[in-house]
Amino acid sequence: MSFMFNPHPYDDPRAVNHLPLPDLAPESITFGTRATVAALTRDLTKTSKRRVIALEGYMGAEFADVLNPVLQALALQGVTAEVFDATRLYKTSAELDAQLASHLPNDRDQDPVLLFGKLFHCSFEDLCRADAITALRDQVSASSATVVFVVGCGAACTPLRDLYDTIIYFDVTPKRAILRAKAGLVANIGDIHPRPFKELLRRFYYVDFEVAGALRKSLFAADCTTFTYYIARQSDGECTLLTRAAFDLTLSSLSARPYRCRPVYIEGVWGGTFVQKARNLPAHMAKVAWVFDLIPLEVSIVADITGHGQVEFPYFTFVQKEGLNLMGPETVKRFGGYFPVRLNYDDTWHASGNMSIQVHPTRDYCIEQNGEPGPQDESYYVVATAHGAKTYLGFKEGVTKETFMAEARRSERERTPMDHDALIHAVPSVPGTQLMLPGGTIHASGQNQVVLEIGSLTVGSYTYKLYDYLRADLDGNPRPIHTHHGEAVLDARKVAPDVVRELVPEPRLLRQDKDASEWLVGEHDDIYFSLRRLDLAPGAQLEDDTAGLFHVLALIDGESVVIESVDDPTKCYRADYLDMVVVPASLGAYVVRNTGRQPAVVHKTRLKHA
């Protein structure tokens, strides 16, 4: 998860995948917390055999509203139970702070608000005391209770896993985890009380979420036969219980058809109004700056199972479980199981100003500084523009990196304005323009436009702001400037007019089919994805094939399109304006058909072959 500071607590009701599962047994899925408690109680009392149960979960998961009524129900039936708290395994807060100091450096000269860090590529047990793990094993073995629970994040870590007859996994969507953290309901591993929110979130991203995600993925392996139940925490706080078989069937079925994720809407100081109106979002959702339609570690996916109801999963749970079907073996191996692209809309339409003048790190810098698995290259596709819209790209002719950095440091030091228009080249924004932004390129989306941002693997907040117009953030504090990291990665060669020839390619026709065509709109040697545009007249269709690589389709002009499998047209998704749909690698041949009355334009992202 990256740094989702200000998500709106809004659940887009349209972002739902309708899933017929005629083979799903009715008793294999249970909706509602009370019904979940009843189902688990029936399971635990169907035999008098002693049971040892792990209640494991992702960071931010809630256990008490299920565990406590189960304990009450067991007591009423005369079943003895004992509970052990997995948090007793953790090292102390002070011990963990010392252990993790190199991952969460305290250098405000380089990082003014302590935003950045380095991923902790270890396991849950590395945050625990070995003697505590041994003691818990002994206590569980010595317990005379008929049902023994070990509860909390880390309960099913590797050194304890052989203790359990049953593992029940409590999952939580990233947005819900962040909203609970903002409310002070979640603490970091080893902490008794929550830290200040931004400090807590940095630790979450670089450490807690990393180890919790790795543990979750290990439970999905076929050889983990004790993983018996999956509990999805819905947006309203209610639980849905799925047996392992139902969980497997639901996600495998989703991975065999085009699907859409449930977006997260993020408030920002330069947020606009275009997406709010286009998607009919509530009036109070002002300043929606980022629309996270497909940020893999931040969004969720909703399955509306015919005859049953809706279940919401974290999208990265889906990726961990069904990566081969979603991405194909080549991509899984190449990117280590991570979903390798991220897409969102940036909305400055009728906003108070531009995005910050910024730069992103190169691949080597991301790996060395932050332990990330890949680079942070980006691209912008201009979707809509209002009066005077422009996109900043590279230095103006004659401006050097040294000249710019001297001005940026002076502005940061003196808190006085910088004439950014005299230093940074700007391209007039026209709908349909594709800009490629490899790491090191100074850039910004200007006021009065909506851009479709497509980025590479890195998902942390590695936006090094070099000038931000002396603005305050939503809390009233000065927005941080990152001149140290920005200067380290800034590419001095990105200067007009050459930067325009290199990074604003002219579309090239790839194929024409009656009233439909495909254009190559963006590729760059340093960026591993390829960007295409499909143009379809009303009623026209275009056939395509994943050929073992997933595609991401966004309807950026027009009313609606249907994306359906050639072999099985029931595997389909109807996309409306601005919707973003993933076509999984396993689908193979598919058709995009314009079902609206107007011409449709579909933006397509796909990987280049290695």
Side-chain angles (χ1 to χ4, degrees), residues 2-3 107 109-113 115-117 268-270 289-290 342 344 346 348 353-370 372 374-380 390-397 399-413 418-427 435-446 451 453-471 479-496 498-500 502-504 522 524-527:
S2 65
F3 293 88
D107 187 339
D109 291 331
Q110 296 187 11
D111 183 6
V113 296
L115 184 67
F116 307 120
V269 294
W270 46 261
W290 299 274
R342 52 186 175 81
N344 61 276
D346 299 327
T348 60
N354 307 324
M355 291 175 68
S356 60
I357 304 295
Q358 59 190 245
V359 64
H360 301 301
T362 55
R363 179 182 183 275
D364 289 345
Y365 201 80
C366 278
I367 294 171
E368 293 168 8
Q369 291 286 317
N370 308 110
E372 291 283 356
Q376 185 155 335
D377 301 316
E378 291 187 350
S379 62
Y380 288 166
K390 59 186 176 182
T391 302
Y392 292 94
L393 181 70
F395 297 116
K396 281 202 165 181
E397 190 171 6
V399 175
T400 66
K401 173 179 175 177
E402 291 73 21
T403 300
F404 173 81
M405 287 307 306
E407 275 295 287
R409 291 187 184 280
R410 179 201 59 76
S411 174
E412 180 186 18
R413 181 177 63 252
M418 178 175 73
D419 187 0
H420 59 284
D421 281 310
L423 300 169
I424 309 300
H425 183 69
V427 177
L435 301 93
M436 307 303 289
L437 304 170
T441 305
I442 195 166
H443 66 280
S445 178
V451 300
E453 178 180 317
I454 306 102
S456 57
L457 182 60
T458 302
V459 293
S461 286
Y462 305 115
T463 297
Y464 303 144
K465 293 189 283 290
L466 298 174
Y467 181 63
D468 198 42
Y469 324 103
L470 309 181
R471 283 187 295 207
R479 299 190 87 203
I481 302 299
H482 309 108
T483 47
H484 171 84
H485 291 296
E487 185 173 27
V489 302
L490 194 55
D491 189 342
R493 300 167 299 173
K494 297 295 192 289
V495 180
D498 292 343
V499 71
V500 177
E502 177 191 355
L503 301 182
V504 190
H524 189 278
D525 288 345
D526 295 337
I527 298 177

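Note that these values count all heavy atoms, side chains included, but never hydrogens, waters or copies made by symmetry.
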ring-ring contact (aromatic ring centres under 6.0 Å, His included) involving [X] - partner list, sequence neighbours excluded:
X: Tyr467; answer: His420, Tyr469
X: His482; answer: Phe116
X: His425; answer: none

Non-neighbouring partners of [X] that pass side-chain contact (heavy atoms from CB on, under 4.5 Å), sequence neighbours left out:
X: Ile527; value: Asp377, Met436, Pro438, His524, Phe529
X: Thr362; value: Tyr365
X: Gln110; value: Asp107, His484, His485
X: Asp491; value: Arg493, Lys494

For the atom pair [atom1] ([X]) and [atom2] ([Y]), what is the distance rounded to the nearest 0.5 Å?
X: Glu453; Y: Tyr380; atom1: CD; atom2: OH; result: 5.0 Å
X: Phe395; Y: Leu490; atom1: CZ; atom2: CG; result: 4.0 Å
X: Leu503; Y: Thr391; atom1: CG; atom2: OG1; result: 12.5 Å
X: Ile442; Y: Leu423; atom1: CD1; atom2: CG; result: 8.5 Å
X: Thr348; Y: Trp270; atom1: OG1; atom2: CH2; result: 7.0 Å
X: Phe404; Y: Thr483; atom1: CZ; atom2: OG1; result: 10.0 Å

On a heavy-atom basis, which atom in [X] and which in [Y] lie closest, and how many Å separate them?
X: Pro361; Y: Val489; answer: CA-CG1, 4.0 Å
X: Leu393; Y: Val504; answer: CD2-CG2, 3.5 Å
X: Pro112; Y: Pro480; answer: CB-CB, 4.3 Å
X: Ser456; Y: Pro375; answer: OG-O, 2.9 Å
X: Gly268; Y: Trp290; answer: CA-CZ3, 4.0 Å
X: Ala444; Y: Met355; answer: CB-O, 3.8 Å

| query | Is there a side-chain contact between Asp468 and Ile481, using heavy atoms and a 4.5 Å cut-off? | reply |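 Side-chain contact under 4.5 Å: yes.
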| query | Mind checking whether His360 and Thr463 have side chains closer than 4.5 Å, heavy atoms only? | reply | yes
| field | Partner residues of Ser356 under the side chain to side chain donor-acceptor pair (under 3.5 Å) criterion, sequence neighbours left out | value | Gln358
So, using salt bridge (Lys or Arg N to Asp or Glu O under 4.0 Å) as the criterion, who are the partners of [X] when residues are at least two apart?
X: Asp346; answer: none
X: Asp421; answer: Lys390
X: Arg410; answer: Glu407, Glu414
X: Asp498; answer: Arg501

| query | Using 4.0 Å as the upper bound for N to carboxylate O, is an ion pair formed by Lys465 and Glu412? | reply | no
| query | Got a salt bridge between Lys401 and Glu487, using NZ or NE/NH1/NH2 to carboxylate O under 4.0 Å? | reply | no
| Quick one: do the Glu372 and Tyr462 side chains pair a donor with an acceptor below 3.5 Å? | yes
| query | Ser379 side chain to Ile454 main-chain N or O, any donor-acceptor pair under 3.5 Å? | reply |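 Yes, the answer is positive, given that a donor and an acceptor are paired below the 3.5 Å cut-off.
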